[in-house]
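Working notes for the structure below.
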Amino acid sequence: MTTSIPKPVLIKGVRLYGEGDPVDVLVADGQIAEIGATLAAGGDAEVIDATGQVLLPGLVDLHTHLREPGREYAEDIETGSAAAALGGYTAVFAMANTDPVADSTVVTDHVWQRGQQVGLVDVHPVGAVTVGLQGRQLTEMGLMAAGIAQVRLFSDDGVCVADPLVMRRALEYAAGLGVLIAQHAEEPRLTAGAVAHEGPNAARLGLAGWPRAAEESIVARDALLARDAGARVHICHASTAGTVEILKWAKQQGISITAEVTPHHLILDDSRLAGYDGVNRVNPPLREEADAQALRRALADGVIDCVATDHAPHAEHEKRCEFDVARPGMLGLQTALSVVVSTMVEPGLLDWRGVARVMSENPARIVGLDDQGRPLEVGEPANLTVVDPGASWTVLGATLASRSANTPFEDMTLPATVTATLLRGRITARNGEVTL
(Lines give C-alpha, C1' and ligand atoms only; values in the text may rest on other atoms or scores of the structure.)
Protein backbone atom coordinates (compact mmCIF):
# COMPACT_ATOMS: atom_id res chain seq x y z
CA MET A 1 0.00 0.00 0.00
CA THR A 2 1.26 3.46 -0.90
CA THR A 3 1.13 5.68 2.20
CA SER A 4 3.22 8.66 1.07
CA ILE A 5 1.44 11.84 0.04
CA PRO A 6 1.06 11.77 -3.74
CA LYS A 7 2.46 14.49 -5.93
CA PRO A 8 0.05 17.17 -7.10
CA VAL A 9 -1.63 16.35 -10.40
CA LEU A 10 -2.80 18.92 -12.94
CA ILE A 11 -5.44 17.67 -15.38
CA LYS A 12 -5.50 20.13 -18.27
CA GLY A 13 -8.28 20.93 -20.72
CA VAL A 14 -10.88 18.48 -19.40
CA ARG A 15 -14.68 18.87 -19.43
CA LEU A 16 -16.42 18.03 -16.16
CA TYR A 17 -19.11 15.44 -16.87
CA GLY A 18 -18.53 16.20 -20.55
CA GLU A 19 -20.30 19.54 -20.09
CA GLY A 20 -19.37 23.19 -20.52
CA ASP A 21 -16.01 24.65 -21.47
CA PRO A 22 -12.74 22.84 -20.84
CA VAL A 23 -11.08 23.56 -17.50
CA ASP A 24 -7.93 22.65 -15.62
CA VAL A 25 -8.27 20.64 -12.43
CA LEU A 26 -5.54 20.71 -9.79
CA VAL A 27 -5.40 17.77 -7.40
CA ALA A 28 -3.37 18.05 -4.20
CA ASP A 29 -3.33 16.27 -0.84
CA GLY A 30 -5.84 13.72 -2.09
CA GLN A 31 -8.48 16.32 -2.93
CA ILE A 32 -9.62 18.51 -5.78
CA ALA A 33 -7.73 21.68 -4.83
CA GLU A 34 -8.67 24.07 -7.63
CA ILE A 35 -10.72 24.25 -10.83
CA GLY A 36 -10.08 27.04 -13.30
CA ALA A 37 -9.73 28.05 -16.90
CA THR A 38 -5.92 28.13 -16.89
CA LEU A 39 -4.03 26.79 -13.92
CA ALA A 40 -0.27 26.61 -13.54
CA ALA A 41 1.42 23.43 -12.43
CA GLY A 42 3.99 23.56 -9.68
CA GLY A 43 7.42 22.19 -10.31
CA ASP A 44 6.68 18.78 -8.85
CA ALA A 45 3.18 18.33 -10.30
CA GLU A 46 2.35 15.56 -12.74
CA VAL A 47 0.52 16.93 -15.75
CA ILE A 48 -2.19 15.04 -17.63
CA ASP A 49 -3.07 16.54 -20.99
CA ALA A 50 -6.80 15.77 -21.18
CA THR A 51 -7.69 18.07 -24.06
CA GLY A 52 -11.05 17.01 -25.47
CA GLN A 53 -11.59 14.47 -22.71
CA VAL A 54 -14.20 13.97 -19.98
CA LEU A 55 -13.71 13.94 -16.21
CA LEU A 56 -15.94 11.67 -14.11
CA PRO A 57 -15.93 10.66 -10.46
CA GLY A 58 -14.14 7.33 -10.06
CA LEU A 59 -16.29 4.36 -10.96
CA VAL A 60 -17.69 2.04 -8.27
CA ASP A 61 -18.52 -1.63 -8.92
CA LEU A 62 -20.90 -3.32 -6.50
CA HIS A 63 -20.35 -6.78 -7.96
CA THR A 64 -17.01 -8.29 -8.87
CA HIS A 65 -15.31 -11.63 -8.32
CA LEU A 66 -11.61 -11.43 -7.48
CA ARG A 67 -11.30 -15.17 -6.65
CA GLU A 68 -8.92 -14.62 -3.72
CA PRO A 69 -8.74 -16.64 -1.53
CA GLY A 70 -8.93 -20.04 -3.17
CA ARG A 71 -8.90 -19.66 -6.95
CA GLU A 72 -5.91 -17.42 -7.54
CA TYR A 73 -5.11 -19.32 -10.74
CA ALA A 74 -8.07 -17.48 -12.34
CA GLU A 75 -7.67 -14.08 -10.64
CA ASP A 76 -6.34 -12.53 -7.46
CA ILE A 77 -6.75 -9.20 -5.76
CA GLU A 78 -3.69 -7.72 -7.46
CA THR A 79 -4.64 -8.66 -11.02
CA GLY A 80 -8.30 -7.82 -10.44
CA SER A 81 -7.36 -4.46 -8.93
CA ALA A 82 -5.22 -3.71 -11.98
CA ALA A 83 -8.13 -4.51 -14.30
CA ALA A 84 -10.37 -2.29 -12.19
CA ALA A 85 -8.00 0.68 -12.21
CA LEU A 86 -7.51 0.38 -15.97
CA GLY A 87 -11.29 0.32 -16.34
CA GLY A 88 -11.67 3.58 -14.42
CA TYR A 89 -12.71 2.11 -11.07
CA THR A 90 -11.64 3.43 -7.70
CA ALA A 91 -13.73 1.05 -5.56
CA VAL A 92 -14.97 -2.50 -6.11
CA PHE A 93 -16.96 -4.95 -4.00
CA ALA A 94 -15.53 -8.46 -4.01
CA MET A 95 -18.16 -11.20 -3.77
CA ALA A 96 -18.13 -13.80 -1.01
CA ASN A 97 -18.05 -17.04 -3.05
CA THR A 98 -14.35 -17.61 -2.45
CA ASP A 99 -12.67 -20.67 -0.93
CA PRO A 100 -12.98 -20.39 2.02
CA VAL A 101 -16.22 -18.46 1.77
CA ALA A 102 -16.13 -14.90 3.08
CA ASP A 103 -18.47 -15.72 5.95
CA SER A 104 -16.26 -14.53 8.81
CA THR A 105 -13.97 -11.64 9.70
CA VAL A 106 -10.97 -13.89 9.06
CA VAL A 107 -11.72 -13.77 5.34
CA THR A 108 -13.36 -10.36 4.98
CA ASP A 109 -10.61 -8.56 6.87
CA HIS A 110 -7.98 -10.39 4.80
CA VAL A 111 -9.61 -9.26 1.55
CA TRP A 112 -9.77 -5.65 2.72
CA GLN A 113 -6.18 -5.60 3.95
CA ARG A 114 -4.90 -7.29 0.80
CA GLY A 115 -6.66 -4.69 -1.33
CA GLN A 116 -5.09 -1.91 0.69
CA GLN A 117 -1.66 -3.50 0.27
CA VAL A 118 -2.08 -3.53 -3.50
CA GLY A 119 -3.39 0.03 -3.38
CA LEU A 120 -4.87 0.37 -6.86
CA VAL A 121 -8.54 0.46 -5.83
CA ASP A 122 -10.44 0.14 -2.58
CA VAL A 123 -11.47 -3.53 -2.42
CA HIS A 124 -14.51 -3.85 -0.18
CA PRO A 125 -15.30 -7.45 0.75
CA VAL A 126 -18.88 -8.65 0.45
CA GLY A 127 -19.84 -10.87 3.37
CA ALA A 128 -21.85 -14.05 2.90
CA VAL A 129 -25.46 -14.03 4.08
CA THR A 130 -25.40 -17.68 5.12
CA VAL A 131 -22.61 -19.87 6.44
CA GLY A 132 -20.78 -21.53 3.57
CA LEU A 133 -23.38 -20.14 1.11
CA GLN A 134 -25.50 -23.10 2.19
CA GLY A 135 -28.69 -21.09 2.63
CA ARG A 136 -29.48 -22.38 6.11
CA GLN A 137 -27.68 -20.56 8.94
CA LEU A 138 -27.13 -16.80 8.95
CA THR A 139 -23.56 -15.57 9.30
CA GLU A 140 -22.39 -13.20 12.01
CA MET A 141 -23.02 -10.14 9.89
CA GLY A 142 -22.59 -7.90 12.90
CA LEU A 143 -19.04 -9.09 13.52
CA MET A 144 -18.08 -8.59 9.87
CA ALA A 145 -19.68 -5.13 9.85
CA ALA A 146 -17.70 -4.21 12.98
CA GLY A 147 -14.42 -5.69 11.72
CA ILE A 148 -11.49 -3.98 10.07
CA ALA A 149 -13.22 -4.24 6.70
CA GLN A 150 -16.47 -2.71 8.02
CA VAL A 151 -18.50 -4.91 5.68
CA ARG A 152 -21.61 -3.10 4.48
CA LEU A 153 -22.86 -5.42 1.71
CA PHE A 154 -23.82 -9.09 2.13
CA SER A 155 -24.67 -11.61 -0.58
CA ASP A 156 -24.58 -15.32 -1.32
CA ASP A 157 -24.10 -14.42 -4.99
CA GLY A 158 -23.58 -17.48 -7.10
CA VAL A 159 -26.50 -19.06 -5.29
CA CYS A 160 -29.85 -17.68 -4.20
CA VAL A 161 -30.97 -17.36 -0.61
CA ALA A 162 -33.92 -19.50 -1.65
CA ASP A 163 -35.59 -20.20 1.69
CA PRO A 164 -38.02 -17.31 2.26
CA LEU A 165 -37.79 -17.58 6.05
CA VAL A 166 -33.98 -17.40 5.96
CA MET A 167 -34.16 -14.42 3.61
CA ARG A 168 -36.70 -12.69 5.85
CA ARG A 169 -34.48 -13.16 8.90
CA ALA A 170 -31.47 -11.89 6.93
CA LEU A 171 -33.34 -8.75 5.92
CA GLU A 172 -34.47 -8.13 9.50
CA TYR A 173 -30.93 -8.62 10.80
CA ALA A 174 -29.50 -6.35 8.10
CA ALA A 175 -32.05 -3.62 8.83
CA GLY A 176 -30.95 -3.54 12.46
CA LEU A 177 -27.30 -3.31 11.46
CA GLY A 178 -27.82 -0.73 8.72
CA VAL A 179 -26.26 -2.97 6.07
CA LEU A 180 -27.55 -4.19 2.71
CA ILE A 181 -28.51 -7.65 1.41
CA ALA A 182 -27.88 -8.25 -2.30
CA GLN A 183 -29.84 -11.16 -3.74
CA HIS A 184 -28.87 -13.49 -6.56
CA ALA A 185 -32.44 -13.92 -7.80
CA GLU A 186 -32.80 -17.51 -8.98
CA GLU A 187 -35.44 -19.97 -7.85
CA PRO A 188 -33.28 -23.14 -7.92
CA ARG A 189 -36.19 -25.51 -8.50
CA LEU A 190 -36.81 -23.81 -11.83
CA THR A 191 -33.18 -23.85 -13.01
CA ALA A 192 -31.98 -27.38 -12.23
CA GLY A 193 -29.73 -28.34 -15.14
CA ALA A 194 -30.45 -25.10 -17.01
CA VAL A 195 -27.62 -23.47 -18.97
CA ALA A 196 -29.30 -21.03 -21.39
CA HIS A 197 -32.28 -18.71 -21.59
CA GLU A 198 -35.49 -20.66 -22.11
CA GLY A 199 -36.60 -19.71 -25.59
CA PRO A 200 -36.41 -20.64 -29.27
CA ASN A 201 -32.62 -20.50 -29.45
CA ALA A 202 -32.09 -22.88 -26.54
CA ALA A 203 -34.73 -25.24 -27.92
CA ARG A 204 -33.11 -25.29 -31.35
CA LEU A 205 -29.64 -25.87 -29.86
CA GLY A 206 -30.78 -28.55 -27.45
CA LEU A 207 -29.74 -26.57 -24.37
CA ALA A 208 -31.68 -26.85 -21.12
CA GLY A 209 -33.78 -23.70 -20.70
CA TRP A 210 -33.63 -21.17 -17.87
CA PRO A 211 -37.02 -19.42 -17.54
CA ARG A 212 -37.44 -15.74 -16.81
CA ALA A 213 -39.79 -16.68 -13.98
CA ALA A 214 -36.88 -18.16 -12.01
CA GLU A 215 -35.53 -14.65 -11.57
CA GLU A 216 -38.75 -12.70 -11.48
CA SER A 217 -40.42 -14.82 -8.80
CA ILE A 218 -37.54 -14.18 -6.36
CA VAL A 219 -37.44 -10.46 -7.15
CA ALA A 220 -41.17 -10.20 -6.39
CA ARG A 221 -40.87 -12.30 -3.24
CA ASP A 222 -37.93 -10.34 -1.87
CA ALA A 223 -39.57 -7.01 -2.59
CA LEU A 224 -42.46 -8.11 -0.37
CA LEU A 225 -40.12 -9.48 2.30
CA ALA A 226 -38.17 -6.21 2.35
CA ARG A 227 -41.43 -4.28 2.66
CA ASP A 228 -42.55 -6.29 5.67
CA ALA A 229 -39.11 -6.22 7.31
CA GLY A 230 -38.66 -2.50 6.81
CA ALA A 231 -35.37 -3.38 5.14
CA ARG A 232 -33.47 -2.57 2.00
CA VAL A 233 -32.78 -5.20 -0.65
CA HIS A 234 -30.59 -5.01 -3.74
CA ILE A 235 -31.14 -7.20 -6.81
CA CYS A 236 -28.02 -8.50 -8.51
CA HIS A 237 -27.68 -8.67 -12.31
CA ALA A 238 -31.29 -8.02 -13.39
CA SER A 239 -31.76 -9.68 -16.75
CA THR A 240 -35.42 -9.73 -17.86
CA ALA A 241 -38.12 -7.34 -18.96
CA GLY A 242 -40.36 -8.87 -16.29
CA THR A 243 -37.88 -8.00 -13.56
CA VAL A 244 -37.99 -4.40 -14.78
CA GLU A 245 -41.78 -4.32 -14.37
CA ILE A 246 -41.57 -5.79 -10.86
CA LEU A 247 -38.93 -3.27 -9.84
CA LYS A 248 -41.06 -0.45 -11.21
CA TRP A 249 -44.07 -1.66 -9.24
CA ALA A 250 -42.07 -2.14 -6.03
CA LYS A 251 -40.59 1.35 -6.18
CA GLN A 252 -44.05 2.81 -6.77
CA GLN A 253 -45.14 1.09 -3.54
CA GLY A 254 -42.32 2.77 -1.63
CA ILE A 255 -40.39 -0.45 -1.12
CA SER A 256 -36.67 0.15 -0.53
CA ILE A 257 -35.32 -1.88 -3.44
CA THR A 258 -32.42 -1.18 -5.78
CA ALA A 259 -31.05 -3.14 -8.72
CA GLU A 260 -28.05 -3.44 -10.98
CA VAL A 261 -27.59 -4.51 -14.58
CA THR A 262 -24.41 -5.92 -16.09
CA PRO A 263 -22.79 -4.51 -19.23
CA HIS A 264 -23.13 -7.87 -20.98
CA HIS A 265 -26.88 -7.97 -20.41
CA LEU A 266 -27.13 -4.50 -21.94
CA ILE A 267 -25.37 -5.41 -25.17
CA LEU A 268 -25.52 -9.18 -25.76
CA ASP A 269 -28.38 -11.64 -26.31
CA ASP A 270 -28.85 -15.38 -26.66
CA SER A 271 -28.30 -15.36 -30.42
CA ARG A 272 -24.60 -15.69 -29.53
CA LEU A 273 -25.11 -19.25 -28.30
CA ALA A 274 -25.21 -20.79 -31.78
CA GLY A 275 -21.52 -21.70 -31.67
CA TYR A 276 -21.75 -23.38 -28.25
CA ASP A 277 -18.80 -21.26 -27.10
CA GLY A 278 -18.48 -21.53 -23.32
CA VAL A 279 -17.41 -17.88 -23.08
CA ASN A 280 -21.07 -17.00 -23.59
CA ARG A 281 -22.30 -19.03 -20.63
CA VAL A 282 -23.23 -16.69 -17.77
CA ASN A 283 -25.56 -16.66 -14.78
CA PRO A 284 -28.20 -15.35 -15.28
CA PRO A 285 -28.05 -16.31 -18.95
CA LEU A 286 -28.01 -13.96 -21.89
CA ARG A 287 -31.66 -13.25 -22.65
CA GLU A 288 -33.43 -12.08 -25.80
CA GLU A 289 -32.94 -8.75 -27.52
CA ALA A 290 -36.30 -7.54 -26.17
CA ASP A 291 -34.97 -8.04 -22.64
CA ALA A 292 -31.80 -6.10 -23.43
CA GLN A 293 -33.88 -3.24 -24.79
CA ALA A 294 -36.03 -3.20 -21.64
CA LEU A 295 -32.91 -3.17 -19.45
CA ARG A 296 -31.42 -0.25 -21.34
CA ARG A 297 -34.64 1.76 -21.00
CA ALA A 298 -34.87 0.89 -17.30
CA LEU A 299 -31.31 2.06 -16.67
CA ALA A 300 -32.01 5.32 -18.48
CA ASP A 301 -35.25 5.84 -16.55
CA GLY A 302 -33.79 5.01 -13.13
CA VAL A 303 -35.85 1.86 -12.60
CA ILE A 304 -32.51 0.04 -12.57
CA ASP A 305 -30.17 2.07 -10.40
CA CYS A 306 -26.67 1.18 -11.51
CA VAL A 307 -24.30 -0.83 -13.65
CA ALA A 308 -22.28 -3.59 -11.98
CA THR A 309 -19.84 -5.73 -13.90
CA ASP A 310 -20.24 -9.20 -12.33
CA HIS A 311 -16.59 -9.53 -13.42
CA ALA A 312 -16.08 -13.30 -13.27
CA PRO A 313 -12.65 -14.59 -14.35
CA HIS A 314 -12.22 -18.24 -15.30
CA ALA A 315 -9.20 -20.16 -16.51
CA GLU A 316 -9.08 -21.38 -20.10
CA HIS A 317 -9.85 -25.00 -19.23
CA GLU A 318 -13.01 -23.88 -17.42
CA LYS A 319 -14.43 -22.13 -20.49
CA ARG A 320 -13.03 -24.01 -23.49
CA CYS A 321 -15.16 -27.09 -22.98
CA GLU A 322 -18.69 -28.32 -23.60
CA PHE A 323 -21.16 -25.48 -23.12
CA ASP A 324 -23.13 -27.21 -20.38
CA VAL A 325 -20.05 -27.82 -18.22
CA ALA A 326 -18.39 -24.42 -18.79
CA ARG A 327 -18.27 -22.33 -15.62
CA PRO A 328 -20.60 -19.33 -15.88
CA GLY A 329 -19.13 -15.86 -15.98
CA MET A 330 -17.42 -13.18 -18.07
CA LEU A 331 -14.73 -10.57 -17.58
CA GLY A 332 -16.09 -7.05 -17.26
CA LEU A 333 -13.97 -4.52 -15.41
CA GLN A 334 -11.96 -3.14 -18.33
CA THR A 335 -14.80 -3.18 -20.85
CA ALA A 336 -17.73 -1.93 -18.73
CA LEU A 337 -17.44 1.79 -19.40
CA SER A 338 -17.03 1.27 -23.14
CA VAL A 339 -20.08 -0.99 -23.27
CA VAL A 340 -22.14 1.62 -21.43
CA VAL A 341 -20.96 4.26 -23.90
CA SER A 342 -21.91 1.98 -26.81
CA THR A 343 -25.35 1.01 -25.50
CA MET A 344 -26.40 4.12 -23.56
CA VAL A 345 -24.41 7.22 -24.56
CA GLU A 346 -24.13 6.82 -28.31
CA PRO A 347 -27.89 6.12 -28.73
CA GLY A 348 -28.69 9.14 -26.54
CA LEU A 349 -30.16 7.22 -23.58
CA LEU A 350 -27.62 8.72 -21.16
CA ASP A 351 -25.28 11.68 -21.23
CA TRP A 352 -21.96 11.68 -19.38
CA ARG A 353 -23.56 12.99 -16.21
CA GLY A 354 -25.89 10.02 -16.47
CA VAL A 355 -22.90 7.71 -16.78
CA ALA A 356 -21.50 9.20 -13.59
CA ARG A 357 -24.84 8.60 -11.91
CA VAL A 358 -25.19 4.90 -12.80
CA MET A 359 -21.51 3.91 -12.58
CA SER A 360 -20.31 6.00 -9.63
CA GLU A 361 -22.82 8.08 -7.69
CA ASN A 362 -25.65 5.57 -7.34
CA PRO A 363 -23.43 2.58 -6.45
CA ALA A 364 -21.67 4.66 -3.79
CA ARG A 365 -25.00 5.88 -2.42
CA ILE A 366 -26.51 2.39 -2.33
CA VAL A 367 -23.77 1.08 -0.04
CA GLY A 368 -23.04 4.33 1.80
CA LEU A 369 -19.50 5.06 0.58
CA ASP A 370 -18.99 8.64 1.68
CA ASP A 371 -15.71 9.16 -0.20
CA GLN A 372 -16.79 7.78 -3.59
CA GLY A 373 -19.16 9.07 -6.22
CA ARG A 374 -18.66 12.61 -4.99
CA PRO A 375 -19.29 15.81 -6.98
CA LEU A 376 -16.49 17.20 -9.11
CA GLU A 377 -15.98 20.21 -6.85
CA VAL A 378 -13.15 21.81 -4.89
CA GLY A 379 -12.60 20.08 -1.56
CA GLU A 380 -13.99 16.72 -2.66
CA PRO A 381 -11.90 13.52 -2.63
CA ALA A 382 -9.87 13.11 -5.79
CA ASN A 383 -11.24 9.72 -6.85
CA LEU A 384 -11.40 10.46 -10.54
CA THR A 385 -11.59 8.93 -14.00
CA VAL A 386 -10.44 10.64 -17.20
CA VAL A 387 -12.08 9.32 -20.38
CA ASP A 388 -11.32 9.98 -24.04
CA PRO A 389 -14.78 9.80 -25.62
CA GLY A 390 -13.48 10.01 -29.16
CA ALA A 391 -11.10 7.08 -28.95
CA SER A 392 -11.85 3.44 -29.68
CA TRP A 393 -10.09 0.19 -28.94
CA THR A 394 -10.22 -3.46 -29.91
CA VAL A 395 -10.67 -5.95 -27.09
CA LEU A 396 -8.10 -8.75 -26.88
CA GLY A 397 -8.48 -11.02 -23.88
CA ALA A 398 -4.80 -11.89 -23.81
CA THR A 399 -3.85 -8.23 -23.31
CA LEU A 400 -6.28 -7.50 -20.46
CA ALA A 401 -4.88 -7.16 -16.96
CA SER A 402 -6.95 -10.01 -15.57
CA ARG A 403 -5.23 -13.35 -15.06
CA SER A 404 -7.99 -14.87 -17.20
CA ALA A 405 -9.03 -14.00 -20.74
CA ASN A 406 -12.72 -15.01 -20.87
CA THR A 407 -14.13 -11.85 -22.41
CA PRO A 408 -17.22 -12.10 -24.61
CA PHE A 409 -16.02 -9.01 -26.48
CA GLU A 410 -12.96 -10.61 -28.10
CA ASP A 411 -11.99 -8.73 -31.29
CA MET A 412 -14.87 -6.28 -30.80
CA THR A 413 -14.09 -2.59 -31.31
CA LEU A 414 -15.57 -0.49 -28.52
CA PRO A 415 -15.80 3.28 -28.06
CA ALA A 416 -14.10 5.42 -25.40
CA THR A 417 -10.93 4.71 -23.46
CA VAL A 418 -9.95 5.40 -19.87
CA THR A 419 -6.79 7.50 -20.06
CA ALA A 420 -6.22 8.01 -16.32
CA THR A 421 -7.61 6.90 -12.97
CA LEU A 422 -6.82 8.63 -9.68
CA LEU A 423 -7.40 7.15 -6.22
CA ARG A 424 -7.28 9.82 -3.51
CA GLY A 425 -5.15 11.98 -5.78
CA ARG A 426 -2.67 9.30 -6.79
CA ILE A 427 -2.55 8.14 -10.40
CA THR A 428 -3.28 4.39 -10.40
CA ALA A 429 -3.63 3.92 -14.15
CA ARG A 430 -2.54 6.02 -17.09
CA ASN A 431 -2.58 5.38 -20.83
CA GLY A 432 -3.22 1.67 -20.43
CA GLU A 433 -0.65 1.02 -17.70
CA VAL A 434 -1.12 0.68 -13.96
CA THR A 435 0.96 2.78 -11.60
CA LEU A 436 1.91 1.05 -8.37
Side-chain angles (χ1 to χ4, degrees), residues 61-72 77 80 91-116 122-188 218-219 221-223 225-226 228-237 256-260 283 308 310-312 329 363 366-369:
D61 187 13
L62 295 184
H63 192 144
T64 190
H65 298 271
L66 299 184
R67 303 305 186 203
E68 184 180 342
R71 290 186 58 214
E72 288 87 351
I77 289 171
V92 300
F93 283 73
M95 282 294 167
N97 58 341
T98 50
D99 185 13
V101 171
D103 57 7
S104 70
T105 55
V106 173
V107 181
T108 56
D109 287 353
H110 162 78
V111 170
W112 168 257
Q113 291 172 323
R114 183 75 184 105
Q116 291 296 293
D122 286 339
V123 177
H124 294 274
V126 176
V129 176
T130 66
V131 175
L133 309 181
Q134 295 298 306
R136 294 188 292 269
Q137 178 185 350
L138 294 182
T139 60
E140 292 287 354
M141 295 186 217
L143 292 179
M144 288 185 273
I148 295 170
Q150 297 184 350
V151 179
R152 63 194 70 205
L153 182 64
F154 293 85
S155 179
D156 278 4
D157 182 65
V159 292
C160 179
V161 182
D163 186 320
L165 183 58
V166 173
M167 186 60 178
R168 179 177 180 175
R169 295 290 180 257
L171 289 167
E172 291 170 341
Y173 190 10
L177 292 171
V179 298
L180 179 63
I181 302 291
Q183 175 69 291
H184 174 112
E186 177 192 344
E187 168 51 69
I218 297 295
V219 175
R221 184 202 76 177
D222 287 357
L225 291 177
D228 290 353
R232 299 187 301 142
V233 67
H234 180 76
I235 302 302
C236 296
H237 39 53
S256 187
I257 189 169
T258 53
E260 67 193 35
N283 180 354
D310 197 6
H311 175 84
I366 287 167
V367 290
L369 286 186

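Counting begins at 1 with the first residue of the sequence.
- For the atom pair F93 CZ and R152 CZ, the distance stands at 6.0 Å (nearest 0.5 Å).
- Atom NE2 of residue H110 and atom CD1 of residue I148 lie 12.0 Å apart, to the nearest 0.5 angstrom.
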Let's go through M144 and V179 carefully: what are the C-alpha distance in whole Å and the side-chain angles of both, what is the deciding distance for side chain to side chain contact (heavy atoms under 4.5 Å, CB included) to 0.1 Å, and is it a yes or a no?
CA-CA 11 Å; M144 288 185 273; V179 298; over 6 Å; no
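- L171 places a side-chain heavy atom less than 4.5 Å from the side chain of M167.
- Minimum heavy-atom separation, G132 to D103: N-OD2, 3.0 Å.
- Of all the heavy atoms in P125 and A149, the pair that sits closest is CG-CB, 3.5 Å.
- For D109 (side chain) and G147 (main-chain N/O), no donor-acceptor pair under 3.5 Å exists by modelled atom type.
- Separation of atoms NE2 (H63) and CE (M95) is listed at 4.0 Å; rounding is to 0.5 Å.
- D222 contributes atom CG, which lies 5.5 Å from atom CD1 of I235 (distance to the nearest 0.5 angstrom).
- Using a 4.5 Å cut-off on side-chain heavy atoms (C-beta onward), L369 and H124 make contact.
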Atom pairs and distances, side-chain donor-acceptor, residues 135-143, under 3.5 Å, sequence neighbours left out:
from: T139; atom 1: OG1; to: A128; atom 2: O; distance (Å): 2.7
from: T139; atom 1: OG1; to: V129; atom 2: O; distance (Å): 3.4

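- The two residues L153 and A182 make their nearest non-hydrogen contact at CD1-CB, 3.9 Å.
- The minimum heavy-atom distance linking L62 with A308 is given by the pair N-CB, 4.4 Å.
- Judged by distance alone, the side chains of D122 and Q116 do bring a donor and an acceptor atom under 3.5 Å apart.
- A donor-acceptor distance shorter than 3.5 angstrom exists from the side chain of Q183 to the backbone of V161, with no hydrogens or angles considered.
- Heavy atoms only, all atoms of each residue included: V233 and A226 are closest at CG1-CB, 3.8 Å.
- Side-chain atoms of D310 and C236, non-hydrogen and from C-beta on, never get closer than 4.5 Å to each other.
- Closest heavy-atom contact between V126 and A96: O-CB, 3.2 Å.
- V123 is listed as a side-chain neighbour of V111, based on a closest heavy-atom distance under 4.5 Å.
- Here the NE2 atom belonging to H65 is positioned 10.5 Å from the OG1 atom belonging to T98, to the nearest 0.5 angstrom.
- Taking CD of E72 as the reference point, atom CD1 of I77 lies at 8.5 Å (rounded to 0.5 Å).
- Remark: H184 pairs with H237 by the ring pair (Phe, Tyr, Trp, His ring centres under 6.0 Å) rule, at least two apart or across chains.
- Considering only residues two or more places apart in sequence or on other chains, D157 meets the salt bridge (Lys or Arg N to Asp or Glu O under 4.0 Å) condition with none of them.
- Judged purely by atom type and a 3.5 angstrom limit, R232 uses its side chain to pair as donor or acceptor with the backbone of I366.
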